[in-house]
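Here is the structure we will look at.
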Amino acid sequence: MVRTRFAPSPTGQLHIGGARTALFNFLFAKKNNGKFILRIEDTDLERSKIEFEKMIIEDLKWLGINWDEGPDISGNYGPYRQSERLELYRSELKKLIDKGLAYECYCTEEELEVQRKLQLKEKKPPIYDRRCLNLTKKQKEEYINQGRRPSFRFLVPYKNLEYTDLIHGLIKIDTSLISDPIIMKSNGIPTYNFACVVDDYYMNITHVIRGDEHLDNTSRQILIFEALGYKPPFYSHIPMILAPDRTKLSKRHGATSVKELKDLGFVPEALVNYIALLGWSPKENREIFSIDEIIPKFDFDHILDHPAVYDMEKMKWINHYYLSNILPVSKIVEYIKDFKIENFQDSNMDLLYKIVEFERNRAYLLNDFVQVYDLIVNDEISYDSEVPYNDFSSILNKIKDYLVNIDFGSIESIKEGLKFTQKELNLKTADVYKPIRFALTAKLEGIELPKLLYLIGKDKVMKRIEKYLNIYV
RNA sequence: GGCCCUGUCGUCUAGAGGACUAGGACACCGGCCCUUCAAGCCGGAGACACGGGUUCGAAUCCCGUCAGGGUCACCA
């Protein structure tokens, strides 16, 4: 039985890269009728916050990536928070100590830092020199008397290690180049590389799918698996997602967390579709897939092994496609209500539905609907005095006389009315449309004018035009 | 600096030695539609990092160079 896991540390919001890692783990598990596990790696006491865990869980659920076992669901391999598994790590550490494969280290962080800098300065790789490996009992006592608490290091066996990564293929490493990693901190909390191994083993994880940045950790982890006498899982290191400047994605690159993207007006179906296509592609020339359509197609053969730069424009296009072609109007309305929309009253539900119907073919983000909503509901229009369009007044004075007589019953009748007006006044379409739109919204572009008029209604249309005419006499 | 990973249009990618005049999508440019702005439809431009091999034949295999990324924490 295939078992995969997504193991975020709750030290921040769910990142687009993390979301994709979760997605791939989810897809692979589902494809193989396996289980997908959510494990919280909260061994960093300083930075881990329960709020972040909640946010990550919320974002994952919003995306439609659901797990079979996790901190909020019972399972046979729990608990699913590392902070609740401390006893296990300690007993596993003891096994290593008994085998002579882990040793106490009394070096302080400051001492290690000094040594590291020295090595780097001499252009040497910063590797721990094992100075604490053969400490006598007396030396240890002295350190303890000084008030030092030991951390534990894993004794790396020097050899040529080979393993197969499901995406990169055969990987060879000379382990003598690896520093003995600290596996248990002096505060009694395990370190990532240790807790991860212990949990992957005890949770029966068969496939570890994670970002390329963990490739170097893998050799350490396999070594620990072997030292414990456990069989390591299969590893798949998926390429990283890079910012447009080809560096690691970070805050300074703008919206990169799922929450931010959600607040920008992206819809989960589109987001999932887009991130699935970053680093993976199906055989067909197709761009639009629902998560359920991807599951049977998903395989490691089509995961790329080079990083992908993420492109907000394409993400927007996919969002636009879902808004205009895929999602039902009711679903979009639901998302909009969930979205930040000020002064919304349930009595305007009908209006919202109409806006979605009329505007979906133009909208790229949910925010586009909200803007139209505001345009229609808000009668306080602030015309930018800088805009030199006061000359609309004379035309508008003529147009309004025709406008009063137009039948606002349907979009078609409005269209006809406008055409009639335009012909009577011997004007171009633009010369009729632009002034009306500007008087109504203080903008020169947007939703189709007849639709705008229909949604605002004749009364308000006439009032707004009068108001405009009063300002620009 | 050591080690590891990677290099196809600006970006995401198709490509598993001959089907490649290198295909698709976003963005870009042009046209059509509508005598508004868009959307939509049609078309255009645009890439195998470089240099050596191997082979009858290389985007595809090998080596080197260059370039990018990752990593070397009592962070994960």
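Each chain gets a letter, A, B and so on, in the order its sequence line appears, and its residues count up from 1.
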Which residues share a ring pair (Phe, Tyr, Trp, His ring centres under 6.0 Å) with A:Phe152, sequence neighbours left out | none

Between the base of [N] and the side chain of [X], is one N or O donor paired with an acceptor at under 3.5 angstrom?
| X | N | value |
| --- | --- | --- |
| A:Ser179 | B:rC72 | no |
| A:Asn217 | B:rA76 | yes |
| A:Arg437 | B:rC37 | no |
| A:Asp212 | B:rG70 | no |
| A:Glu445 | B:rU36 | no |

Regarding the side chain of A:Ile171, the nearest nucleotide among B:rC5, B:rU36, B:rU13 is B:rC5

Is any side-chain N or O of [X] closer than 4.0 Å to OP1 or OP2 of [N]?
| X | N | result |
| --- | --- | --- |
| A:Lys117 | B:rA73 | no |
| A:Thr429 | B:rU36 | yes |
| A:Lys283 | B:rG15 | no |

Between A:Phe28 and A:Phe36, does the ring centre distance come in under 6.0 Å?
-> no

With both distances under 3.5 Å as the test, what is the Watson-Crick or G-U wobble partner of [N]?
| N | answer |
| --- | --- |
| B:rC9 | none |
| B:rU55 | none |
| B:rU21 | none |
| B:rA45 | none |
| B:rC3 | B:rG70 |
| B:rU35 | none |

Taking the side chain as every heavy atom from C-beta outward, state whether A:Leu425 and A:Ile399 have any pair of such atoms under 4.5 Å apart.
-> yes

4.5 Å side-chain heavy-atom contact, A:Trp280 and A:Lys297 | yes

